[in-house]
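Comments concern the structure below.
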Amino acid sequence: MSLTQSRTEAPDFDPITLELVAGTIESARREMELQIERTARSVVIREGRDYRAGIFDRQGRNVSSASGAAHVDPILQNYELDQIHDGDVFIWNDPFKSAGGLTHLPDLCITQPIFWQGELVGYAQAFGHMTDVGGLQPGSVMIGATDIHQEGIIIPPVRLYSRGEVVEPLYRTILNNSRYPEDVRGDLDAEVMACRIGVARVREMFDRFGGDVVDACFEEMLERCARALREIAFPRIPDGEYPFEDFVELVGAVPEETREFIRLKVTMIKKDDHVTFDFTGTDSQSAASINIAGDERFYTKYVVSIFRNLVPDTIFNAGATRAIGCRLPRRSVLSAEYPASASCRAFTLFRLPELCLGALGRALPDAVPGSSDTRSVWGIATRNEHGQPAFFRDVLGGGGGGRRDVDGSDALNGNVAGRSVPTEFIEAFYPMIVERDALPVDSGGAGTHRGGLGCERLVRFLEPGVLHVIDDRMQTQPWGIAGGRAGAGTRYVLNPATDREQVFERKIDALPVGPGTRLLAITPGGGGWGDPLERDPQTVAEDVRLGLVSSGAAKTDYGVALAEDGQADAKATEALRRKLRKKRDGLPLFDRGQRVSDLVAAERLTLSVGARGDHGPDK
């Protein structure tokens, strides 16, 4: 029997065994991720949790949660089965040789084949964002790169370990290409050990249940995911086509790129028990480093999470590709061709679920939250107290979107199980002082259920360094839905409230800063859900008391008049809301905020899909 083929005569298995196998896979994946978090060295992985793990069957299908794990196709496409041995560990990071499964060079992917009784039965995989893999700038993430060869070491699918023994020349070469080799060494070793845990847990499972039963359970786990989508989620969506668009900011990124904004466009096509996401209309690949060389399977597993509200208890795995398809235009920013740069692809990648949520929102606005932009990034290359080179990358969260039944979460980090780096960690290991950590008032979009608040962090640098600010929503805002207002956008200010104040309106690759320089980072709030004038007045009053909403916004956005004791004045509020309702001309399905309105008015941005699904600008 071929090692890439499932057994054709699957045995019977009972539901309890199926749940035990499914539970073991998810437990193993979580154990792998905990291993990475607890043993990695870099701040971005250990504290920011920018890593992924996955377990695949013998055919290379992801049977664990599709949390962003890559593919194992690079092994299957480059090695014959008799060339793969027990104890081999493969590594790669080349987006153009990853079968569409990796998106930029800092993500070093480790994959170990799983052998049981001499038979290849699956794969364990882990990858995380390394501190630095070379390239033009410290940190290996730079908007100004125009060619992937400027961004760091490029590793094709090769063995890092051969039959259990490390391939020392390759290992040393990878470390030698990093400005911070000890960070990379610690993170790589953590990923390798995580894969060994995955291998051990899967072998134990095969020992317990036998190969025939486990393979049959894997197939049922994939089909169960597809059935949940086809039979539970999709029947709630009326057949039809639902367009949406959003933008990635490129203002002043590189001289070679004349466009200020890159359009991302999707049409969600629902027909019977199948959904297709058609990205026709998305702009062509960019000279700046926001490109992705993804394939249809990659985007399917990435955007399937938008259906979580419709099937909340389902494990989304590779079975999603049986119910969901994607269409990609050639040479777009989503299907870039070699040698396109990609190190800043995060803004394209993380915008995609929001893009597809917007399309779903046209069909089911009650099931979709307001938009959120929950991954803001700045960093500094400096020296630590011992005079050694050090690089700190801060991945701050933002506000989650308001939902039909609840407000959005505050300071939510977009990485899987991600979190903002704690102040105590920053000050203990890097030459800087965090002078303020707060929730920026009024950053959450107004709504019946308001958007969550972003993060506000004020940092003072103690040593000279080179600063980079690689962020988005500096020109735009996270949209609100079903009458909810847009959340506040990103704001970065150098030396705030001084005569040296400098407001950033674009991404910055390298800006020298001296000791005593302060950086204020304010991340976006989430978009609101529903009419703000329907929000409970006493809830608004409580938001004001807690410092989440200003008294001015309570009056102008929510129509709530506050009495001297801080409570809502019922009679005055009723009159104020009646007055505000008379002034407005209905409520748009989507509100993109004042920034976008100003860009449209200045003819710097055009909208092809309107607030209600028509063509033309949103209201």
Side-chain angles (χ1 to χ4, degrees), residues 30 33-52 106 128-132 138-139 141 180 182-184 186-187 190 346 350 372-386 388-400 408-441 443-444 452-463 465 467-471 490-493 496 513 517-526 546-548:
R30 288 192 292 269
E33 292 182 344
L34 285 173
Q35 165 71 20
I36 296 171
E37 180 181 340
R38 291 172 178 171
T39 62
R41 181 182 178 96
S42 71
V43 60
V44 71
I45 292 183
R46 184 173 64 179
E47 297 298 322
R49 296 174 174 170
D50 193 349
Y51 54 78
R52 308 287 186 272
H129 185 114
M130 302 291 144
T131 299
D132 182 277
V141 175
Y180 313 102
E182 291 309 307
D183 276 9
V184 174
D187 292 349
F350 286 113
S372 57
D373 203 285
T374 56
R375 196 177 190 277
S376 296
V377 182
W378 66 272
I380 185 169
T382 182
R383 291 188 177 272
N384 61 23
E385 59 183 0
H386 305 295
Q388 299 169 328
F391 184 81
F392 172 72
R393 176 178 285 115
D394 202 3
V395 183
L396 289 168
S409 300
D410 299 325
L412 181 69
N413 196 291
N415 285 332
V416 177
R419 62 186 177 190
S420 299
V421 180
T423 295
E424 296 81 2
F425 183 92
I426 298 173
E427 295 183 343
F429 292 97
Y430 296 93
M432 59 189 77
I433 300 294
V434 180
E435 296 187 344
R436 183 167 71 248
D437 257 341
L439 300 174
V441 63
S443 57
L453 276 62
C455 293
E456 180 176 330
R457 176 168 280 177
L458 179 63
V459 178
R460 174 164 50 91
F461 304 122
L462 303 180
E463 297 289 341
L467 176 72
H468 81 171
V469 175
I470 308 296
D471 214 335
T490 306
R491 191 164 186 261
Y492 281 87
V493 185
V513 294
T517 300
R518 287 177 169 84
L519 175 70
L520 175 63
I522 301 177
T523 69
L546 293 173
L548 308 177

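Keep in mind that the numbers below use all heavy atoms, side chains included, and drop hydrogens, waters and symmetry copies.
- The two residues Leu520 and Pro496 come nearest to each other via the heavy atoms CB-CG, 4.0 Å.
- Leu34 pairs by the side chain to side chain contact (heavy atoms under 4.5 Å, CB included) definition with Glu37, Arg38, not counting sequence neighbours.
- Annotation: salt bridge (Lys or Arg N to Asp or Glu O under 4.0 Å) contacts of Glu435 (sequence neighbours excluded): Arg460, Arg518.
- Closest heavy-atom contact between Arg52 and Ile36: O-CD1, 4.3 Å.
- Judged purely by atom type and a 3.5 angstrom limit, Thr39 has no side-chain atom pairing as donor or acceptor with the backbone of Ala190.
- Partners of Arg41 under the salt bridge (Lys or Arg N to Asp or Glu O under 4.0 Å) rule, at least two apart in sequence or in another chain, are Asp183.
- Counting only distance, with no hydrogens or angles, the side chain of Glu427 and the backbone of Val434 share a donor-acceptor pair below 3.5 Å.
- Taking Glu463 as the reference, Thr382, Pro431 meet the side chain to side chain contact (heavy atoms under 4.5 Å, CB included) condition, with sequence neighbours excluded.
- At least one side-chain heavy atom of Leu462 sits under 4.5 Å from a side-chain heavy atom of Ile433.
- Evaluation of the side chain to side chain contact (heavy atoms under 4.5 Å, CB included) rule for Arg491 yields Val493, Val503, Ile522 as partners, not counting sequence neighbours.
- No side-chain heavy atom of Asp373 sits less than 4.5 Å from a side-chain heavy atom of Thr490.
- Taken to the nearest 0.5 Å, the OG atom of Ser376 stands 12.0 Å off from the CD1 atom of Ile470.
- Applying the side-chain hydrogen bond (donor to acceptor under 3.5 Å, both in side chains) criterion to Ser443, with sequence neighbours excluded, gives no partner residue.
- When all heavy atoms of Val44 and Val395 are compared, the closest pair comes out as CG2-CG2, 4.4 Å.
- Using the six-membered ring where Trp is involved, Phe392 and Tyr430 have ring planes that are tilted, between 30° and 60° apart.
- With sequence neighbours left out, Tyr492 forms a side-chain hydrogen bond (donor to acceptor under 3.5 Å, both in side chains) with Asp471.
- Note that CG of Leu467 is 9.0 Å distant from OG1 of Thr517, once rounded to the nearest 0.5 Å.
- Going from atom CZ of Phe391 over to atom OG1 of Thr131 covers 8.0 Å, rounded to the nearest 0.5 Å.
- For the side-chain hydrogen bond (donor to acceptor under 3.5 Å, both in side chains) test, residues two or more places apart in sequence or in another chain that qualify with His129 are His104, Arg393.
- Going from atom CD1 of Ile45 over to atom OH of Tyr51 covers 9.0 Å, rounded to the nearest 0.5 Å.
- Residues meeting the side-chain hydrogen bond (donor to acceptor under 3.5 Å, both in side chains) test with Asp437, sequence neighbours left out: Thr423, Arg457.
- Annotation for Gly454 and Leu439: closest pair O-CD2, 3.3 Å, computed over non-hydrogen atoms.
- Evaluation of the salt bridge (Lys or Arg N to Asp or Glu O under 4.0 Å) rule for Asp187 yields no partner, not counting sequence neighbours.
- Qualifying salt bridge (Lys or Arg N to Asp or Glu O under 4.0 Å) partners for Arg436, counting only residues two or more places apart in sequence or in other chains: Glu456.
- Inter-residue side-chain proximity for Met130 and Ser42 is flagged as unmet; no heavy-atom pair is nearer than 4.5 Å.
- Between Gly398 and Thr523 the shortest heavy-atom distance is CA-OG1, 3.6 Å.
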### Task
For the pair Ile380 and Phe461, evaluate side chain to side chain contact (heavy atoms under 4.5 Å, CB included) and give the outcome as yes or no after the intermediate values.
CA-CA 9 Å; Ile380 185 169; Phe461 304 122; 3.8 Å; yes
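- Partners of Gln388 under the side chain to side chain contact (heavy atoms under 4.5 Å, CB included) rule, at least two apart in sequence or in another chain, are Asn384, His386.
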